[in-house]
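These notes concern the structure reproduced below.
In what follows, every chain begins at residue 1, and chains take the letters A, B, ... in the order their sequences are listed.
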Amino acid sequence: AQSVTQLGSHVSVSEGALVLLRCNYSSSVPPYLFWYVQYPNQGLQLLLKYTTGATLVKGINGFEAEFKKSETSFHLTKPSAHMSDAAEYFCAVSDVDSSYKLIFGSGTRLLVRP
Amino acid sequence: EPEVTQTPSHQVTQMGQEVILRCVPISNHLYFYWYRQILGQKVEFLVSFYNNEISEKSEIFDDQFSVERPDGSNFTLKIRSTKLEDSAMYFCASSVSGVAARYFGPGTRLTVT
């Protein structure tokens with residue numbers, strides 16, 4: 001069964017520093033990949049997605065992620081953290097064979113220090 | 001920008017009672033989903049719905065759960081007899097296709113006492 005691993009339940013960075021949130025998936029067939037962000041007491045907001053084509057995808061709020069098939073990874077990055085980026089980030093995958101199910105990782109809470 | 005809406009934002013119910021959680025998906029979306037997130041845990045898939053029928057469901061989605069699209073806009077999740085372990089945040093989502101990005105609503109926090 002498809003699974004998603006997010007390394008690090010908590011990541012702490014200083015404001016202005018690089019943000020790197022890691023995501024690895026288990027499928028042997030490249031799935032569709034997503035990053036969602038959840039601010040406190042709010043729902044899930046789509047940050048970006050990869051389906052086909054260019055492996056570096058840009059999302060909202062300056063985030064981007066790169067699909068690396070050889071590493072089965074889809075890490076999320078942002079060059080310079082802002083205090084407003086503090087939130088929980090979820091990586092999710094769906095199977096290319098039209099599975100309707102999104103499988104979520106366990107999430108990474110990003111803390112931004114002033 | 002169109003968005004998924006959910007009502008109520010918070011529902012408190014007693015164990016054994018029936019609850020109905022309501023969602024209005026984005027109007028041109030054809031696929032609808034329910035997910036839940038128990039406090040401190042990951043988001044879990046419950047069910048997907050397309051063309052007026054369930055297209056996939058998880059092992060969590062047992063006979064106590066049902067979904068319905070009673071009219072052209074609403075999508076509901078019914079829990080027939082709630083248990084304490086049903087306490088969670090329930091998210092509705094919709095998408096244009098079965099593999100497209102899901103757009104999530106703000107969630108309904110269900111508390112079973």
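- Taking 4.5 Å as the heavy-atom cut-off, the residues of residues 29-44 of chain B that approach chain A are B:Y31, B:Y33, B:Y35, B:Q37, B:K42, B:V43, ordered by number.
- Per-residue heavy-atom pair counts under 4.5 Å with chain B were compared for A:A92, A:G107, A:G105, and the maximum is reached by A:G105.
- Residues satisfying the ring-ring contact (aromatic ring centres under 6.0 Å, His included) test with A:Y25, not counting sequence neighbours, are none.
- Annotation for A:K58: atom NZ does not count as buried by contact number, only 12 or fewer foreign heavy atoms lying within 6.0 Å.
- Smallest separation of non-hydrogen atoms from A:K101 and B:R102: N-NH2, 4.1 Å.
- Within the 3.5 Å criterion, the main-chain N or O of B:F104 finds no donor-acceptor partner in the side chain of A:Y36.
- Transitive grouping of hydrophobic side chains (ILVMFWY, heavy atoms separated by less than 4.5 Å) brings B:M15 and B:I60 into a common cluster.
- Clustering ILVMFWY residues whenever any of their side-chain heavy atoms sit less than 4.5 angstrom apart, transitively, puts B:I79 in a cluster other than the one holding B:V12.
- Residue B:N28 qualifies as enclosed at atom CG: its count of foreign heavy atoms under 6.0 Å is above 12.
- Hydrophobic clustering (side-chain heavy atoms under 4.5 Å, transitive across Ile, Leu, Val, Met, Phe, Trp, Tyr) groups B:L46 together with B:F75.
- Interatomic distance, B:S95 OG to A:L46 CG, rounded to the nearest 0.5 Å: 11.5 Å.
- Under the 4.5 Å side-chain heavy-atom criterion for Ile, Leu, Val, Met, Phe, Trp and Tyr, B:F91 and B:V19 are members of distinct hydrophobic clusters.
- Linking ILVMFWY residues whenever their side-chain heavy atoms come closer than 4.5 Å, directly or via other members, places A:V37 and A:L21 in the same cluster.
- Of the listed residues (B:S55, B:P106, B:G105), the greatest number of heavy-atom pairs within a distance under 4.5 Å of chain A belongs to B:S55.
- With a 4.5 Å cut-off on non-hydrogen atoms, B:A93 does not touch chain A at all.
- Residue A:K78 qualifies as enclosed at atom NZ: its count of foreign heavy atoms under 6.0 Å is above 12.
- In this structure, no portion of A:E88 lies under 4.5 Å from any heavy atom of chain B.
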*In sequence, state the C-alpha distance, the side-chain angles, and the governing distance for A:I103 and B:F45, and then conclude on side chain to side chain contact (heavy atoms under 4.5 Å, CB included).*
CA-CA 7 Å; A:I103 310 293; B:F45 170 80; 5.9 Å; no
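- Residue B:E85 places its CD atom among more than 12 non-hydrogen atoms of other residues, nucleotides or ligands, all under 6.0 Å distant.
- The contact between A:L44 and chain B is made by backbone and side chain atoms together, counting heavy-atom distances below 4.5 Å.
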